[in-house]
Number of protein chains: 2
Amino acid sequence: MRRDLDELIKGKSVALRFSEDNLPDEQAQYLIPLEDFFQFGLSVDCIVFGFDGQDLKVLLIKRGVAPYKSYWALPGDLVYPHEDLDAAAQRVLENLTGISEVFMQQIKSFGKVDRHPLGRVLTVAYNALIRVENYEPRAAFWADNVRWHTLSELGELAFDHHEILAKGVEKLKARVRNQPLGFELLPVNFTLNQLQKLYEAVLGQTLDKRNFRKKILGMNFLVKLDAKQTKDTRRPAQLYTFDRLRYDELTHRGFNFEL
Amino acid sequence: MRRDLDELIKGKSVALRFSEDNLPDEQAQYLIPLEDFFQFGLSVDCIVFGFDGQDLKVLLIKRGVAPYKSYWALPGDLVYPHEDLDAAAQRVLENLTGISEVFMQQIKSFGKVDRHPLGRVLTVAYNALIRVENYEPRAAFWADNVRWHTLSELGELAFDHHEILAKGVEKLKARVRNQPLGFELLPVNFTLNQLQKLYEAVLGQTLDKRNFRKKILGMNFLVKLDAKQTKDTRRPAQLYTFDRLRYDELTHRGFNFEL
DNA sequence: ATAATGGGTGTATTTTTTACACTTATTACT
DNA sequence: AGTAATAAGTGTAAAAAATACACCCATTAT
């Protein structure tokens, strides 16, 4: 196919004038050989993290189409030609899983020549953090199935998604050391033990309960609620919520949240 | 031009078989509409940092071609269709400035629809750190001029390069807090005062001399040399060099280099 | 009533960070 | 040859942060 396209655009150049933009006149014309230019496919892949109270999970879809049909893969697809990158990430995730309006951050781009069997496709990976309670992932479009996976129980993934996922996890770990986590992954109201479990899951190490509380509470971005947890627990646990304003203020000052 | 290309590939799809790859047989065929696929241009932009002993500098080229002819810009150009991304960054930098074999890290991709006046071009930005002494940048290809610029003295840049540069500086600052800097930016042998000046330039704050030395020396990746600095200074300064092995060992253990 | 379970609390010790001022080796000048 | 000027170099005490550590509490299930 690469060759088909090459054939199609070979030798063709386009001379352009841009009347509408603000370039000086003599610069507004530019001759460009098509074959140098529009040679690339562009996709986005979303690494969707969730927390079930115990383990850090990642959302994968089972591909219903070739290539890599019936392999588990990160939710991802081609970007539309007239769509911004960040918007594409949101759209693709919604199309494939039904999850919308999600906190997302660009992680890295992957551009090996042969990473996609159909041609030269660059993919931009995004980390997404979601509250599992808020979303019921449902397979759509060409996804056969959608499911949360524990990081330690992954089989072979489609394309180079294993490498991409590893990078996403690495970035998440780096992030948790510099800014508070939980806004996005925990329920709006949560207990300190839930928060600690989350940190332990992400960092992959246990933390001292008293020291953790001292530190977190000392950062002053948690608000103690009147309510307590009423669930099946034994002693009811104090509920907290994040003080977004206070947090933004702190991050703006370059505050360090390292545990 | 967008329209010209649209015209060219409109309605065309390609059915493919991949005999050479390792996909199961029934997945090896895939029908793909061309207009969804090869719609994107891909470029790399290099943010080249250097240190002159006083200020942090960035290497810019003066564009000799439209668009943005005679604007200062980050060295960057289109990626070849059969070229890996990281390789492209090295090649582009060498083509435009003569600088080769450089330490580079991918920073971020920029993909706004309108960021390039000629069409949809995604760019992947790289941070490069170089020893100014080792390279004599010379303009080549379509570069009219190449020059080191101080960060505080920048005019308007081509494309969205101002945004890209800002991101690169931000990442450099974040990096200097987690791993030692200087391997790439300082001469092989250097004095502690040079190293301190570098840290101060990157972090944008002054540091206490005694505390800085205590900290840096305590990390044990500096080797005291027999030589002293013979230059025009007053009292001759002790020269040091980096112990690369020791440093790699530390980074591998997740050591924290924060000042 | 009681056993079981996860929730909650404080202090002493060690380590790290910070603040701070004078002496030394050289060059340039007279 | 003496002296002024300049950047290099050095240690300690006080404050802050990190760590280690063990028991009581409020509820549910039996």
Side-chain angles (χ1 to χ4, degrees), chain A residues 51-55 176-178 180 182 186-187 189-201 203 205-241 250 253-259, chain B residues 52-54 176-178 180 182 186-187 189-201 203 205-241 250 253-259:
Chain A
F51 182 63
D52 65 358
Q54 209 59 42
D55 294 306
V176 78
R177 297 199 163 274
N178 281 315
L186 287 179
N189 302 335
F190 54 88
T191 69
L192 289 182
N193 287 294
Q194 287 176 297
L195 186 61
Q196 183 176 345
K197 285 242 173 68
L198 169 61
Y199 270 81
E200 290 177 336
L203 294 174
Q205 62 181 261
T206 59
L207 301 169
D208 179 89
K209 186 162 43 161
R210 280 178 288 196
N211 294 338
F212 177 81
R213 282 160 185 250
K214 201 190 309 175
K215 190 93 192 225
I216 287 284
L217 257 16
M219 290 174 183
N220 281 325
F221 55 77
L222 292 188
V223 184
K224 189 188 275 196
L225 300 173
D226 286 336
K228 302 215 168 192
Q229 195 180 46
T230 54
K231 282 206 305 189
D232 63 341
T233 170
R234 314 302 161 149
R235 176 176 174 174
Q238 178 64 53
L239 285 170
Y240 289 83
T241 194
L250 288 173
R253 285 197 223 147
F255 192 79
N256 190 341
F257 296 91
E258 186 152 350
L259 292 177
Chain B
D52 65 358
Q54 209 59 42
V176 80
R177 296 199 163 276
N178 280 315
L186 286 180
N189 302 335
F190 53 88
T191 70
L192 289 181
N193 286 295
Q194 287 177 299
L195 185 62
Q196 181 176 347
K197 285 241 174 69
L198 170 60
Y199 270 81
E200 290 177 337
L203 294 174
Q205 62 181 265
T206 60
L207 302 168
D208 180 88
K209 185 163 42 159
R210 280 179 287 195
N211 294 338
F212 177 82
R213 283 162 183 247
K214 201 189 312 172
K215 191 95 192 223
I216 286 283
L217 256 17
M219 291 174 183
N220 281 324
F221 54 78
L222 292 188
V223 183
K224 189 188 276 195
L225 300 173
D226 285 337
K228 302 216 166 192
Q229 196 180 47
T230 55
K231 282 207 305 191
D232 64 340
T233 170
R234 313 303 160 153
R235 177 175 174 176
Q238 177 64 52
L239 285 171
Y240 290 83
T241 193
L250 289 172
R253 287 197 222 147
F255 192 79
N256 191 340
F257 296 91
E258 186 151 350
L259 293 177

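We use all heavy atoms of the structure for the numbers below, so side chains are in, but hydrogens, waters and symmetry mates are not. Here is how names work: the chains are called A, B, and so on, in the same order as the sequence lines, proteins then strands, and each is numbered from 1.
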Exercise. Rounded off to whole Å, could you give me the CE-to-C1' distance for the M219(B) and dT16(C) pair?
Key: 12 Å
Practice problem: Write down the distance between CG (L195(A)) and P (dG8(C)), rounded to a whole number of angstrom. | Solution: 12 Å
Practice problem: Let me know the distance between CD of Q54(A) and C1' of dG6(C), rounded to the nearest Å. | Solution: 13 Å
Quiz item: How many Å lie between NZ on K215(B) and C1' on dG9(D), as a whole number?
Solution: 21 Å
Self-check item: Those residues that, when tested against K209(A), pass side-chain contact (heavy atoms from CB on, under 4.5 Å) (two or more places apart)
Solution: N193(A), Q196(A), R213(A)
Quiz item: Residues in ring pair (Phe, Tyr, Trp, His ring centres under 6.0 Å) with Y240(A), at least two apart?
Solution: none
Quiz item: Between K214(A) and dG10(C), does any side-chain N or O lie under 4.0 Å from OP1 or OP2?
Solution: no
Practice problem: Quickly work out the R213(B) CZ to dT17(C) C1' distance and round it to whole Å. | Solution: 18 Å
Quiz prompt | Residues that Q238(B) engages under side chain to side chain donor-acceptor pair (under 3.5 Å), provided they are two or more places apart | solution = none
Quiz item: Residues two or more places apart in sequence or in another chain: which of them pass salt bridge (charged side-chain N to carboxylate O under 4.0 Å, His left out) with D52(A)?
Solution: K57(A)
Practice problem: To the nearest Å, give me how far apart NZ (K197(B)) and C1' (dA8(D)) are. | Solution: 11 Å
Exercise. Return the set of residues passing salt bridge (charged side-chain N to carboxylate O under 4.0 Å, His left out) with D55(A) (not counting sequence neighbours), or none when no residue passes.
Key: none
Quiz item: Taking atom P of dG8(C) as reference, at what distance in whole Å does atom CG of L217(A) sit?
Solution: 11 Å
Quiz item: When you check every protein heavy atom under 4.0 Å of nucleotides 21-26 of chain D, what one-letter string (B, S, -) results, 5' to 3'?
Solution: BB--BB
Quiz item: Atom CG of N193(A) to atom P of dT5(C): distance rounded to whole Å?
Solution: 16 Å
Practice problem: Please answer whether the main-chain N or O of L239(A) pairs with a side-chain N or O of Q229(A) as donor and acceptor at a distance below 3.5 Å. | Solution: no
